[in-house]
S.K.: 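The structure under discussion is supplied below as structure tokens; questions concerning it will follow.
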Amino acid sequence: MNASIKPAASADASAQLVAGLDTSTSARLFKAALKPIPGGVNSTARATWSGWDPYPLFIQSGLGSHLTDVDGNEYIDYLLGLGPMLLGHRPPRVTQAVVDFIRERGTVFALPTAVEAALAEKVIAAVPSVEQLRLCNTGTEAVLYATRLARAFTRRPKLIRFEGMYHGFSDQVYWSKHPDIAKAGPDRHPVPVPQGPGLPRGVENNLIILPWNDADALADAIQREGDQIACVITEPVMCNTGCILPEPGYLETMRELTARHGIVLLFDEVITGFRLGLGGAQARLGIKPDLSVFAKGLGGGFPVAACGGRADIMALVAQGKVSMAGTYSANGIAIAAANAALDELATPGLFARLDALSDELRLGLAKVLADAGLPAYVVGLGPLMQVWFAKEPIRNYRDAERHADQALFRRWWQGMLAHGVLFHPGAYENLFVSTAHTRADIAATLAAAKSVATDLARAV
Ligand SMILES: Cc1ncc(COP(=O)(O)O)c(C=O)c1O
């Protein structure tokens with residue numbers, strides 16, 4: 001399979017595109033899209049500056065675990081829409097449910113339907129910490145709701161968030177995602193760095209940025225300012241700086257410290273929810289947060305998200321004190337999709353099979369990279385993983401900035417793409433495995449990896 005992105009130095013490749021020398025359909029469509037759409041794409045993660053340099057692949061269609069681009073190249077897909085396609089592309093049960101709902105019932109009523117409570121009951125049954133929940137459309141919205149609830153419940157203003165994580169693009173949390181560490185303060189006491197211009201000044205006064213996997217830094221911050229802190233927001237597994245697992249005891253300490261100081265522990269399970277098991281990372285790791293947010297895996301590829309948790313916190317919504325609105329919240333498409341997705345995910349043995357397949361990929365990649373003698377290792381949990389090209393262990397964002405070889409990752413990505421294996425070009429993203437992947441997909445991926453790793457080892 002030939003990938004249409006050339007494994008060339010990006011500056012050369014960009015120049016080639018601008019000069020119109022690249023004749024692929026993706027290149028042509030991208031050039032045309034640059035006029036009406038800023039950056040030619042509708043999300044930062046698809047932009048040239050996020051790694052899709054000199055242009056993103058334009059996709060024709062997806063089916064199961066495979067994608068086909070507009071130039072007819074087929075790929076085994078580990079990008080999976082950045083997570084939502086947990087059941088693969090066009091999962092029959094979900095697609096049918098959505099089509100039926102639209103045909104037979106409609107989409108938006110501004111009044112409730114019976115299927116909303118049915119969906120809420122399924123989430124509550126699956127996720128032990130969730131006693132009540134509200135539905136919305138995106139992870140960004142769900143985080144916005146959850147942090148507002150935490151502030152209202154505790155009557156405190158500050159949030160703790162961790163450097164290197166992503167919790168959506170709202171003003172309050174779009175800080176210190178991947179800051180320049182030369183400008184981001186000391187390792188133990190990072191300063192808030194806005195994602196860019198346009199974030200209002202003053203927000204940072206209510207943000208405490210901490211290094212992840214550092215229980216002492218968390219304890220110090222809570223000791224200093226605990227009575228001002230409404231909420232600690234964290235991904236239970238760090239999925240927005242590659243894949244970094246919590247060190248043993250870290251999340252337990254976080255739970256204990258937040259509980260002791262009346263701080264709401266908010267798990268951002270937008271990526272891990274319904275992926276690391278029906279109960280998400282919290283069930284798998286045995287930690288009970290106060291609030292949680294979910295999106296991607298919940299909707300089988302359709303936009304639906306949720307914010308839920310302790311009934312006494314959610315009571316602020318029931319009492320009409322904290323407003324959670326939304327014209328499209330719990331629309332027919334979202335609810336039909338999520339109900340069908342959760343029914344599918346509840347299939348006995350589904351997660352055991354998904355985990356076994358994912359382990360085969362993770363362990364297989366680790367072996368291929370080790371056999372080639374490359375300075376690399378694979379970190380992951382279930383159907384979520386990333387390859388680190390690094391000699392040192394990576395526990396948090398600054399470790400990644402200091403130790404991860406981004407240039408080598410890019411060559412790895414280019415090589416795999418040229419062999420028909422697709423994942424995001426950024427080392428800080430993840431490889432996702434879906435229930436539609438097969439052992440044949442994994443075998444083909446490992447064969448490609450062997451060839452690419454051998455080439456890389458020769459060049460390193
Ligand atoms: C952990 C996490 N939280 C929140 C979000 C935002 O979700 P959405 O893109 O649906 O707004 C993302 C998106 O990638 C995410 O990875």
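Numbering of ligands and ligand atoms starts at 1, following listing order.
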S.K.: Only heavy atoms of Gly168, strictly under 4.0 Å: list the atoms of ligand 1 that pass.
M.R.: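 Here the atoms of ligand 1 in question are 4 (C), 5 (C), 6 (C).
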S.K.: Does a side-chain N-to-carboxylate-O contact under 4.0 Å join Arg398 and Asp214?
M.R.: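 Result for this pair is no, no salt bridge flagged.
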S.K.: In the protein, what heavy atom is nearest to atom 16 (O) of ligand 1, and what distance, to one decimal place, separates them?
M.R.: Asn240 ND2, 3.1 Å
S.K.: Would you call Asp405-Arg411 a salt bridge at under 4.0 Å N-O?
M.R.: no
S.K.: Heavy atoms of the protein only: does one fall short of 4.0 Å from atom 9 (O) of ligand 1?
M.R.: no
S.K.: Are Asp220 and Arg188 within salt-bridge range, i.e. N to O under 4.0 Å?
M.R.: yes
S.K.: At what distance is the nearest protein heavy atom to atom 11 (O) of ligand 1, and which residue and atom is it?
M.R.: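 Checking every protein heavy atom, the shortest distance to atom 11 (O) of ligand 1 gives Thr140 OG1, 2.6 Å.
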S.K.: Heavy-atom distances under 4.0 Å decide this one: backbone, side chain, both or neither, for Phe169 against ligand 1?
M.R.: neither
S.K.: Check whether any N or O atom of Glu235, backbone or side chain, sits under 3.5 Å from an N or O atom of ligand 1, and answer yes or no.
M.R.: no
S.K.: Do ligand 1 and His167 have nitrogen or oxygen atoms that lie under 3.5 Å from each other?
M.R.: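 Checking ligand 1 against His167, no N or O pair falls under 3.5 Å apart.
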S.K.: Test Asn339 against every option in Arg93, Glu344, Lys122 by the side chain to side chain donor-acceptor pair (under 3.5 Å) rule and name the one that passes.
M.R.: Lys122
S.K.: How are the rings of Tyr397 and His178 set relative to one another: parallel (under 30°), tilted (30 to 60°) or perpendicular (over 60°)?
M.R.: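 The arrangement is parallel - the two ring planes meet at less than 30°.
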S.K.: Where is the nearest protein heavy atom to atom 2 (C) of ligand 1: which residue, which atom, and how far?
M.R.: Tyr166 O, 3.2 Å
S.K.: Answer yes or no: is there an ion pair linking Arg402 with Asp399, defined by an N-O contact shorter than 4.0 Å?
M.R.: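 Salt bridge between Arg402 and Asp399, a charged N being under 4.0 Å from a carboxylate O: no.
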S.K.: Between Arg151 and Leu159, is any pair of side-chain heavy atoms under 4.5 Å apart?
M.R.: yes
S.K.: What atoms of ligand 1 come closer than 4.0 angstrom to any heavy atom of Gly139?
M.R.: 6 (C), 7 (O), 8 (P), 10 (O), 11 (O)
S.K.: Return yes if a side-chain donor-acceptor contact under 3.5 Å exists between Ser65 and Asp441, otherwise no.
M.R.: yes
S.K.: Within a distance under 4.0 Å of any heavy atom of Thr138, pick out the atoms of ligand 1 and give their elements.
M.R.: 10 (O), 11 (O)
S.K.: Can you sort out which atoms of ligand 1 are near Asp268, meaning under 4.0 Å from one of its heavy atoms?
M.R.: 1 (C), 2 (C), 3 (N), 4 (C)
S.K.: State the atoms of ligand 1, each with its element, that fall below the 4.0 Å cut-off from a heavy-atom position in Ile271.
M.R.: 16 (O)
S.K.: With a cutoff of 4.0 Å, is Lys296 in contact with ligand 1, counting heavy atoms of the residue only?
M.R.: yes
S.K.: Parallel under 30°, tilted from 30 to 60°, perpendicular over 60°: which one fits the rings of Tyr250 and Trp212?
M.R.: perpendicular
